[in-house]
Peer 1: 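After the structure tokens below, expect a handful of questions from me.
Here, residue 1 is the first one in the sequence, and each next residue gets the next number. Hydrogens, waters and symmetry mates are skipped; everything else that's a heavy atom, side chains included, is used.
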Amino acid sequence: MEQKPTRKEKAAETKRKIFETAVRLIKENGYNNVTVSGICKSAGVAKGSFYVHYNSKEDIVRDSYYTDMSEYMRQNYAAFLDLHPNASYNERIICFMNLELKFAEYAGYEITCLAYTLNLGTCIPGPSEHLAKRKFSKYLYDAIQKNDDKNSSSLSSDEIFYYFESVIRGLMATWCFSNNSFSIVEKGEKYIPLAVYSIYTK
């Protein structure tokens, strides 16, 4: 007998549907031309359901690089490890960093630019909760710590983590400033191994 989804699972599915619909509509029509009512109608959910998960359309963008990215990273990184259980830590780090860029491509150029603007704005009054909200980053930090025997640099695990985070954030910022003039995933596939192997031996 098929088990019915729990209330928590139903809520997660509704939130995912709202987010994916919003991303699609923003890509198709532009952020300023998308309304909460339009998102709900297209997603087939009640407006009240929207406000259970988000406070506003802006909140979707603000949350995209925290909660939604966290779920994307968790699922896709777990899928990679299921397919490649014997992957080296170098390969795991490269995969993880590439997934961050794949999420940016999935979320889209406009949402990525807006997320930068909105989330950087919260850092001005401080304190910033950026790293605390990015719970998925622990997967990268764990891989860095466990790869210490291949570390050929003088950098600590903390420094390597910030270096890799800076590579990703820098590439995303360049993508935004270039007005989406290149494939962020293709550039990542070229640049990320260079960054990783500048620290670790193969």
Side-chain angles (χ1 to χ4, degrees), residues 2-3 5-6 8-9 11-13 15-17 19-24 27 63-109 111-112 115-116 119 130-176 180 182-202:
E2 190 175 343
Q3 192 173 3
T6 64
K8 185 177 180 180
E9 288 170 338
E13 174 60 19
K15 184 175 187 291
R16 182 194 62 77
K17 190 183 293 185
F19 177 73
E20 290 184 352
T21 301
V23 167
R24 176 176 59 79
K27 283 181 178 178
D63 200 42
S64 63
Y65 270 77
Y66 296 122
T67 306
D68 299 300
M69 188 177 187
S70 202
E71 184 60 18
Y72 178 94
M73 296 297 293
R74 185 189 66 77
Q75 289 183 357
N76 286 279
Y77 189 61
F80 170 79
L81 294 180
D82 284 343
L83 283 173
H84 308 282
N86 298 317
S88 68
Y89 286 108
N90 282 349
E91 291 168 331
R92 295 178 189 211
I93 291 167
I94 289 170
C95 167
F96 183 92
M97 293 173 72
N98 276 321
L99 282 174
E100 291 198 63
L101 300 181
K102 287 178 181 178
F103 178 83
E105 183 179 70
Y106 159 70
Y109 164 76
I111 284 181
T112 298
Y116 255 93
N119 290 323
H130 176 73
L131 290 176
K133 287 182 177 179
R134 288 168 57 87
K135 298 185 187 302
F136 60 87
S137 294
K138 68 183 179 64
Y139 300 127
L140 175 60
Y141 191 79
D142 287 348
I144 288 169
Q145 284 192 310
K146 290 173 181 175
N147 208 28
D148 194 54
D149 62 321
K150 289 190 177 294
N151 182 2
S152 59
S153 74
S154 60
L155 301 179
S156 67
S157 292
D158 283 354
E159 290 173 317
I160 294 169
F161 174 77
Y162 282 116
Y163 168 53
F164 289 160
E165 282 282 291
S166 298
V167 169
I168 296 300
R169 298 288 84 68
L171 190 48
M172 285 183 180
T174 301
W175 184 53
C176 288
N180 191 18
F182 60 85
S183 165
I184 192 171
V185 171
E186 288 179 8
K187 292 295 185 189
E189 288 170 350
K190 288 182 179 180
Y191 298 162
I192 288 170
L194 293 176
V196 171
Y197 290 120
S198 71
I199 299 293
Y200 299 117
T201 56
K202 293 188 178 182

Peer 1: Checking Tyr109 now: which residues fulfil side-chain hydrogen bond (donor to acceptor under 3.5 Å, both in side chains) with it, not counting sequence neighbours?
Peer 2: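 Checked Tyr109 against side-chain hydrogen bond (donor to acceptor under 3.5 Å, both in side chains); matches are Asn179.
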Peer 1: Please list, chain by chain and in numerical order, all residues satisfying side-chain contact (heavy atoms from CB on, under 4.5 Å) with Thr174, sequence neighbours excluded.
Peer 2: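 By the side-chain contact (heavy atoms from CB on, under 4.5 Å) rule, Thr174 matches Phe182.
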Peer 1: Drop me the distance from Asp148's CG to Tyr89's OH, to the nearest 0.5 angstrom.
Peer 2: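 It comes to 12.0 Å.
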Peer 1: Nearest 0.5 Å please: distance from the CE atom of Met69 over to the OG atom of Ser137.
Peer 2: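 Result: 8.0 Å between the selected atoms.
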Peer 1: Please list, chain by chain and in numerical order, all residues satisfying side-chain hydrogen bond (donor to acceptor under 3.5 Å, both in side chains) with Asn151, sequence neighbours excluded.
Peer 2: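 Applying side-chain hydrogen bond (donor to acceptor under 3.5 Å, both in side chains) to Asn151 gives Ser153.
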Peer 1: Please name all residues satisfying side-chain contact (heavy atoms from CB on, under 4.5 Å) with Thr201, sequence neighbours left out, ordered by chain then number.
Peer 2: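 Per chain and number, Thr201 pairs via side-chain contact (heavy atoms from CB on, under 4.5 Å) with Lys150, Ser152.
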Peer 1: Going by the rule side-chain hydrogen bond (donor to acceptor under 3.5 Å, both in side chains), which residues pair with Ser157 if we only count those two or more places apart in sequence or in a different chain?
Peer 2: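 Checked Ser157 against side-chain hydrogen bond (donor to acceptor under 3.5 Å, both in side chains); zero matches.
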Peer 1: Do Leu171 and Val167 have side chains that approach each other closer than 4.5 Å (heavy atoms only, starting at C-beta)?
Peer 2: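 With C-beta onward as the side chain, the pair stays apart.
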Peer 1: Using the side-chain contact (heavy atoms from CB on, under 4.5 Å) rule, take Asn76 and Phe103 through it: C-alpha gap first, then chi angles, then the decisive distance, then the call.
Peer 2: CA-CA 10 Å; Asn76 286 279; Phe103 178 83; over 6 Å; no
Peer 1: Determine which pairs satisfy salt bridge (charged side-chain N to carboxylate O under 4.0 Å, His left out) with at least one residue from residues 185-202, sequence neighbours left out, and list them in order.
Peer 2: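 Output for this query is empty, none listed.
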Peer 1: Only counting residues at least two apart or in another chain, list the ones meeting side-chain contact (heavy atoms from CB on, under 4.5 Å) with Thr6.
Peer 2: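 By the side-chain contact (heavy atoms from CB on, under 4.5 Å) rule, Thr6 matches Lys8, Glu9.
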Peer 1: Does anything in residues 93-105 form a salt bridge (charged side-chain N to carboxylate O under 4.0 Å, His left out)? List the pairs, not counting sequence neighbours.
Peer 2: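 Passing the test, one end in residues 93-105: Glu100-Arg134, Glu100-Arg169.
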Peer 1: Going from CD1 on Ile160 to CD on Gln145, what distance comes out if it is rounded to the nearest 0.5 angstrom?
Peer 2: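 One gets 10.0 Å once the value is rounded to the nearest 0.5 Å.
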Peer 1: Name all residues meeting the side-chain contact (heavy atoms from CB on, under 4.5 Å) criterion together with Ala104; count only those two or more places apart in sequence or in a different chain, and write none if there are none.
Peer 2: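 Tyr65, Thr112, Met172, Trp175, Ile184.
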Peer 1: If I compare all heavy atoms of Ile168 with all of Met97, which pair ends up nearest, and what's the gap?
Peer 2: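 Shortest heavy-atom contact: CD1-O, 3.5 Å.
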Peer 1: Go through the steps to decide whether Ile144 and Leu140 satisfy the test side-chain contact (heavy atoms from CB on, under 4.5 Å), and finish with yes or no.
Peer 2: CA-CA 6 Å; Ile144 288 169; Leu140 175 60; 3.9 Å; yes
Peer 1: Give me the ring orientation class for His84 and Phe80: parallel if the planes are under 30° apart, tilted from 30 to 60°, perpendicular past 60°.
Peer 2: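 The rings of His84 and Phe80 sit tilted, inter-plane angle from 30° to 60°.
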Peer 1: Would you please name every residue forming a side-chain hydrogen bond (donor to acceptor under 3.5 Å, both in side chains) with Asn90, sequence neighbours left out?
Peer 2: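 Testing Asn90 for side-chain hydrogen bond (donor to acceptor under 3.5 Å, both in side chains), a comparison that skips the adjacent residues, returns Asn147.
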Peer 1: I need the minimum non-hydrogen distance between Ile93 and Ala143, along with the two atoms involved.
Peer 2: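 Shortest heavy-atom separation between Ile93 and Ala143 comes out as CG1-CB, 3.7 Å.
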Peer 1: Kindly say whether Tyr106 contributes a backbone atom to a donor-acceptor pair with the side chain of Lys27 at under 3.5 angstrom?
Peer 2: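 Judged by distance alone, yes, a pair lies under 3.5 Å.
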Peer 1: How would you list all residue pairs meeting salt bridge (charged side-chain N to carboxylate O under 4.0 Å, His left out) that involve residues 74-94, not counting sequence neighbours?
Peer 2: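 The answer is Glu71-Arg74.
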Peer 1: Can you name the closest pair of heavy atoms from Ser70 and Phe136 and give their distance?
Peer 2: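 Heavy atoms of Ser70 and Phe136 come nearest at CA-CD2, 3.4 Å.
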Peer 1: Return all side-chain donor-acceptor pairs below 3.5 angstrom for residues 191-198, not counting sequence neighbours, or 'none' if the list is empty.
Peer 2:
from: Ser198; atom 1: OG; to: Ala195; atom 2: O; distance (Å): 2.6

